[in-house]
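Below is one structure; the comments refer to it alone.
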Amino acid sequence: MGGRLDGKIAVVTAAGQGIGRAIAEGFLREGAAVWATDLDQTRLEGLDGAERRPLDARSTEAVAGLAREIGPIDVLVNAAGFVHHGTVLECSEQDWDFSFDLNVKSMHRTIKAFLPGMLERGGGSIVNISSGASSIKAAPNRYVYGATKAAVIGLTKAVAIDFITRGVRCNAICPGTIQSPSLDERIAALAASSGKSEDEARTMFVSRQPMGRLGTAEEIASAALYLASDESAFTTGTLLIVDGGWTL
């Protein structure tokens with residue numbers, strides 16, 4: 001089925017790779033006019049049909065400037081994020097501040113910038129990427145990451161309730177472990193720190209998955225497509241958990 005986003009204008013952050021890239025590609029296939037953003041604009045190459053823009057999601061000025069350039073939109077996908085590895089003992093003040101700035105405050109910036117245009121258009125859909133490692137379930141060595149993703153869930157519900165009567169929906173996707181360039185970097189780092197091979201480190205990630213495999217970025221993109229489309233018109237403030245049963 002095609003055309004599920006015909007006529008809709010969508011902004012996707014961190015669209016250069018992984019989940020954000022898969023979402024941008026899926027939205028394009030379904031007819032959306034996509035504005036794809038990433039801190040590294042070179043990662044946006046190959047997103048034919050999309051408007052590609054560099055964006056530092058940690059800059060309020062940059063986000064506000066992009067919103068002024070684009071004008072009112074229908075769909076906002078907040079996919080920018082960072083996975084810090086470690087317990088509270090390995091989390092410096094800088095690690096804490098960076099993680100919350102990128103994982104949570106970036107969403108505050110984009111929502112504050114684009115929400116007025118959605119209200120002007122009479123509605124819209126905001127899709128935030130949270131995680132199963134959040135207020136849903138704890139994961140080892142994900143101290144500040146889990147805290148930020150729990151905050152995303154709270155932010156999502158707050159926006160949903162505040163604008164529920166004005167046509168704007170806000171939902172969060174909570175992925176499990178997804179194959180992505182970011183995961184490859186974490187596997188390489190784990191291998192280097194533990195003395196294991198990268199294959200052994202990858203096996204550790206896979207072994208904790210009830211389905212016996214990692215998820216794909218395309219599976220998360222399918223969830224985002226549903227939440228962005230009119231098919232989910234009666235859905236707001238919810239968490240769509242796509243984790244292969246990890247949080248059961």
Side-chain angles (χ1 to χ4, degrees), residues 1-6 8-55 57 73-83 102-103 106-107 110 114 125-134 145 149 152 156 169-187 202 205-206 209 211 213-232 235 238-246:
M1 178 171 59
R4 294 162 69 187
L5 298 181
D6 280 351
K8 294 188 184 296
I9 302 169
V11 170
V12 182
T13 67
Q17 62 181 15
I19 289 172
R21 177 80 176 212
I23 290 172
E25 291 173 340
F27 282 13
L28 285 168
R29 286 193 298 270
E30 293 294 336
V34 176
W35 291 74
T37 74
D38 200 280
L39 181 62
D40 182 357
Q41 190 175 7
T42 63
R43 290 178 174 174
L44 299 173
E45 294 176 1
L47 275 174
D48 298 332
E51 292 286 345
R52 295 170 286 181
R53 293 291 187 277
L55 179 67
I73 67 172
D74 303 286
V75 180
L76 171 63
V77 178
N78 286 309
F82 170 74
V83 182
L102 181 57
N103 292 2
S106 68
M107 298 189 184
T110 57
F114 287 102
S125 175
I126 300 168
V127 182
N128 298 324
I129 303 300
S130 181
S131 174
S134 55
Y145 177 76
K149 292 303 185 178
V152 168
T156 297
R169 300 180 293 108
C170 189
N171 295 285
I173 299 174
C174 299
T177 306
I178 305 300
Q179 174 55 47
S180 68
S182 171
L183 178 65
D184 290 339
E185 292 172 2
R186 279 179 275 147
I187 287 173
R202 182 175 295 277
F205 276 90
V206 174
Q209 308 304 314
M211 286 190 176
R213 69 170 178 88
L214 304 177
T216 69
E218 289 72 22
E219 287 169 323
I220 306 304
S222 293
L225 175 59
Y226 166 71
L227 292 175
S229 75
D230 293 338
E231 297 163 21
S232 60
T235 302
T238 195
L239 311 179
L240 186 47
I241 301 172
V242 188
D243 70 348
W246 180 67

Can you tell me which residue pairs pass the salt bridge (charged side-chain N to carboxylate O under 4.0 Å, His left out) test with a partner in residues 170-181, sequence neighbours excluded? none

Can you list the steps and then say if Val77 with Phe27 is a side-chain contact (heavy atoms from CB on, under 4.5 Å)? CA-CA 11 Å; Val77 178; Phe27 282 13; 3.6 Å; yes

Test your reading of the model: is there a side-chain donor-acceptor pair from [X] to the backbone of [Y], 3.5 Å cut-off?
X	Y	answer
Thr13	Ala79	yes
Ser130	Lys149	yes
Thr177	Gly215	no
Ser134	Ser131	yes
Glu30	Arg4	yes

Applying salt bridge (charged side-chain N to carboxylate O under 4.0 Å, His left out) to Arg169 and not counting sequence neighbours gives none

Among all residues two or more places apart in sequence or in another chain, which pass the salt bridge (charged side-chain N to carboxylate O under 4.0 Å, His left out) test with Asp184? Arg202

Report, one line per pair, each donor and acceptor closer than 3.5 Å where one atom sits in a side chain of residues 219-230; sequence neighbours left out.
from, atom 1, to, atom 2, distance (Å)
Glu219, OE1, Arg213, NH1, 3.3
Glu219, OE1, Thr216, N, 2.9
Glu219, OE1, Thr216, OG1, 3.3
Glu219, OE2, Arg213, NH2, 2.8
Ser222, OG, Glu218, O, 3.2
Ser229, OG, Leu225, O, 3.4
Ser229, OG, Tyr226, O, 3.0
Ser229, OG, Glu231, N, 3.2
Asp230, OD1, Lys8, NZ, 3.1

Under the rule for ring pair (Phe, Tyr, Trp, His ring centres under 6.0 Å), what residues qualify as partners of Phe82, not counting sequence neighbours? Phe98

For Ala36 against Leu44, the heavy-atom pair lying closest together: O-CD1, 3.4 Å

Given Ile126 and Asn171, is the side-chain contact (heavy atoms from CB on, under 4.5 Å) satisfied, shown in steps? CA-CA 6 Å; Ile126 300 168; Asn171 295 285; over 6 Å; no

Does the pair Thr156 and Asn128 meet the rule for a side-chain hydrogen bond (donor to acceptor under 3.5 Å, both in side chains), with working shown? CA-CA 7 Å; Thr156 297; Asn128 298 324; 2.9 Å; yes

Could you work out, with side chain to side chain contact (heavy atoms under 4.5 Å, CB included) as the rule, every residue matching Asp40, not counting sequence neighbours? Asp38, Thr42, Arg43

Using side-chain hydrogen bond (donor to acceptor under 3.5 Å, both in side chains), reason through Gln17 and Ser180 one step at a time and then give a plain yes or no. CA-CA 8 Å; Gln17 62 181 15; Ser180 68; over 6 Å; no

In this structure, which one of Val152, Asn78, Asn103, Ile23 forms a side-chain contact (heavy atoms from CB on, under 4.5 Å) with Ile129? Ile23

